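Take a look at the structure set out below.
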Amino acid sequence: MKIMVAIKRVVDYAVKIRVKPDKTGVETTNVKMSMNPFCEIALEEALRIRESGLASEVVAVSMGPPPCVDTLRTGLAMGADRGVHVEAGDTLHPLAVAKLLKALIDVEKPQLLILGKQAIDDDCNQTGQMVAGLLNWPQGTFASKVVLDKQKQVVTVDREVDGGLETLCLDLPAVITTDLRLNQPRYATLPNIMKAKSKVIKKFTPSDLNVTIKSDLEIVQVTEPPKRKAGVIVSSVDELIDKLKNEARVL
């Protein structure tokens, strides 16, 4: 069985985000980039399924400009068997990514597609659901536990919802998006980083996949969140209640 994992190159989670002076987006020049944390979890889960003997191959897929290859190399160093890079210079919105993933799935024929539930740069949380709709595959989103039954060709997914945990049983092929508590991703060891340099990364363009990329969204403006006001130390409970009543107006 083949598993495909979509990974995204984003600004590293530890970097302080700066908005561009023209407010068209966030600054990415000379900024550390890394794999989206939710994508790391998705890849780790695929590798664990392969290591348990339930899958034979894990294919990592990334879309975007040439530097995305570096992120793919990280995925290969973690243990993915090979990579696929769809080179696209334009900003890719979720629907475009979903269409490209569908086209790649038509080529690669995986039985399971695993993605992070969202990317930490745009927080859209849309791609997994969209590609499941385009493929007409069942989907298990926000997965906190995944159990694959190869013999019955089903996958059981525990997903986190407001009321607790919901358990779904999905027929394969299926789409799964991963939540934070699914697993703890491994670190790439130095020997595996060296081996990753020789692993195959196949390249495509959107035209190779017969997908037309067009922007269906327009970013009007990107601004920083308002700065928090400094806290105030009160001297008594009465003063606290007074401020909550008359200043914050929450009582």
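Source: prediction; values computed, not measured. Keep in mind that the numbers below use all heavy atoms, side chains included, and drop hydrogens, waters and symmetry copies.
- For the residue pair Gln153/Gln111, the side-chain donor-acceptor check at 3.5 Å is satisfied.
- Hydrophobic clustering, with ILVMFWY side chains joined whenever heavy atoms are under 4.5 angstrom apart, groups Ile105 together with Val97.
- Looking at residues two or more places apart in sequence or on another chain, you find no side-chain hydrogen bond (donor to acceptor under 3.5 Å, both in side chains) involving Glu40.
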Q: Just do the side-chain contact (heavy atoms from CB on, under 4.5 Å) check on Val69 and Glu87 with the steps written out, would you?
A: CA-CA 9 Å; Val69 171; Glu87 188 169 338; over 6 Å; no
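- Put simply, the side chain of Asp242 never gets that close to the backbone of Asp238: no donor and acceptor are under 3.5 Å apart.
- Rounding to the nearest 0.5 Å gives a distance of 5.5 Å between CD1 of Ile49 and CG of Leu148.
- Note on Met33 and Met63: separate hydrophobic clusters, where clusters join Ile, Leu, Val, Met, Phe, Trp and Tyr whose side-chain heavy atoms are under 4.5 Å apart, directly or indirectly.
- Residues that satisfy the side-chain hydrogen bond (donor to acceptor under 3.5 Å, both in side chains) test with Arg82, not counting sequence neighbours, are Glu57, Glu108.
- Residues satisfying the side-chain hydrogen bond (donor to acceptor under 3.5 Å, both in side chains) test with Asp22, not counting sequence neighbours, are Thr24.
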Q: Decide yes or no on side-chain contact (heavy atoms from CB on, under 4.5 Å) for Thr156 and Leu168, but give the supporting numbers first.
A: CA-CA 6 Å; Thr156 303; Leu168 302 177; over 6 Å; no
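- Atom CD of Glu160 is separated from atom CG of Asp158 by 9.5 Å, given to the nearest 0.5 angstrom.
- With a 4.5 Å cut-off on side-chain heavy atoms, Thr71 and Ser34 do not count as touching.
- A pairwise comparison of heavy atoms in Leu170 and Pro138 identifies CD2-CB, 4.0 Å as the closest pair.
- The two residues Gly83 and Leu76 come nearest to each other via the heavy atoms N-CD2, 3.7 Å.
- Pairs passing the salt bridge (Lys or Arg N to Asp or Glu O under 4.0 Å) check and including a residue from residues 128-139, sequence neighbours excluded, do not occur.
- With values rounded to the nearest 0.5 angstrom, Thr177 atom OG1 is found 6.5 Å from Asn125 atom CG.
- If you chain together hydrophobic residues whose side chains sit under 4.5 Å apart, Ile213 and Val86 fall into the same group.
- A distance of 12.5 Å separates SG of Cys39 from NZ of Lys117, quoted to the nearest 0.5 Å.
- The closest donor-acceptor contact from the side chain of His85 to the backbone of Gly64 lies under 3.5 Å.
- For the residue pair Glu27 and Thr29, a side-chain donor N or O sits within less than 3.5 Å of a side-chain acceptor on the partner.
- At least one side-chain heavy atom of Val84 sits under 4.5 Å from a side-chain heavy atom of Leu104.
- Residue pairs satisfying the side-chain hydrogen bond (donor to acceptor under 3.5 Å, both in side chains) criterion with at least one member in residues 184-194, sequence neighbours excluded, are listed as follows: Glu44-Arg186, Glu51-Arg186, Thr189-Asn192.
- For Asn36 (side chain) and Ile120 (main-chain N/O), a donor-acceptor pair under 3.5 Å exists by modelled atom type.
- Through side-chain heavy atoms spaced under 4.5 Å, either directly or across other Ile, Leu, Val, Met, Phe, Trp or Tyr residues, Ile193 is tied to no other residue.
- The nearest pair of heavy atoms linking Ala103 to Val211 is CB-CG2, 3.8 Å.
- Between the side chain of Ser62 and the backbone N or O of Ile7 there is at least one donor-acceptor pair closer than 3.5 Å.
- Every residue two or more places apart in sequence or in another chain that forms a side-chain contact (heavy atoms from CB on, under 4.5 Å) with Lys197 is listed here: Met194.
- Note that OG1 of Thr127 and NE2 of His93 are 11.5 Å apart. Values are rounded to the nearest 0.5 Å.
- Side-chain atoms of Asn183 come within 3.5 Å of backbone atoms of Ile41 as a donor-acceptor pair (strictly under, hydrogens ignored).
- Counting heavy atoms from C-beta on, the side chains of Leu115 and Val5 never come closer than 4.5 Å.
- For the side-chain hydrogen bond (donor to acceptor under 3.5 Å, both in side chains) test, residues two or more places apart in sequence or in another chain that qualify with Lys8 are Asp121, Asp122.
- Applying the 6.0 Å contact sphere to NZ of Lys23 captures no more than 12 heavy atoms from other residues, nucleotides or ligands.
- Under the 4.5 Å side-chain contact rule for hydrophobic residues, Val107 and Leu100 share a cluster.
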Q | Residue pair Leu135, Val131: steps toward the side-chain contact (heavy atoms from CB on, under 4.5 Å) verdict | A | CA-CA 6 Å; Leu135 290 164; Val131 72; 3.8 Å; yes
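- By the 4.5 Å heavy-atom criterion applied to side chains, Leu47 and Met78 are counted as neighbours.
- Applying the side-chain hydrogen bond (donor to acceptor under 3.5 Å, both in side chains) test to pairs two or more places apart or on separate chains, those with a residue in residues 96-107 are Lys102-Asp106.
- The closest side-chain heavy-atom distance from Val234 to Lys243 is below 4.5 Å.
- Applying the salt bridge (Lys or Arg N to Asp or Glu O under 4.0 Å) rule to pairs touching residues 61-81 yields Arg50-Asp81, sequence neighbours excluded.
- Considering all non-hydrogen atoms of both residues, Met130 and Pro94 come closest at SD-C, 3.8 Å.
- Ala143 approaches Val157 most closely through the heavy-atom pair CB-CG1, 3.5 Å.
- Taking 4.5 Å as the limit, every side-chain heavy atom of Ile176 sits out of range of all side-chain heavy atoms of Leu113.
- Within the structure, side-chain hydrogen bond (donor to acceptor under 3.5 Å, both in side chains) contacts touching residues 130-151 (residues at least two apart or in different chains) are Thr141-Arg159.
- Residue pairs meeting the side-chain hydrogen bond (donor to acceptor under 3.5 Å, both in side chains) criterion with at least one partner in residues 222-236, sequence neighbours excluded, are Ser235-Glu239.
- The side-chain heavy atoms of Leu72 and Lys199, taken from C-beta on, include no pair separated by under 4.5 Å.
- Across every non-hydrogen atom of Ala42 and Gly116, the tightest pair is CB-N, 3.8 Å.
- Rounding to the nearest 0.5 Å places CZ of Phe38 at 9.5 Å from CZ of Phe142.
- Leu172 is listed as a side-chain neighbour of Met1, based on a closest heavy-atom distance under 4.5 Å.
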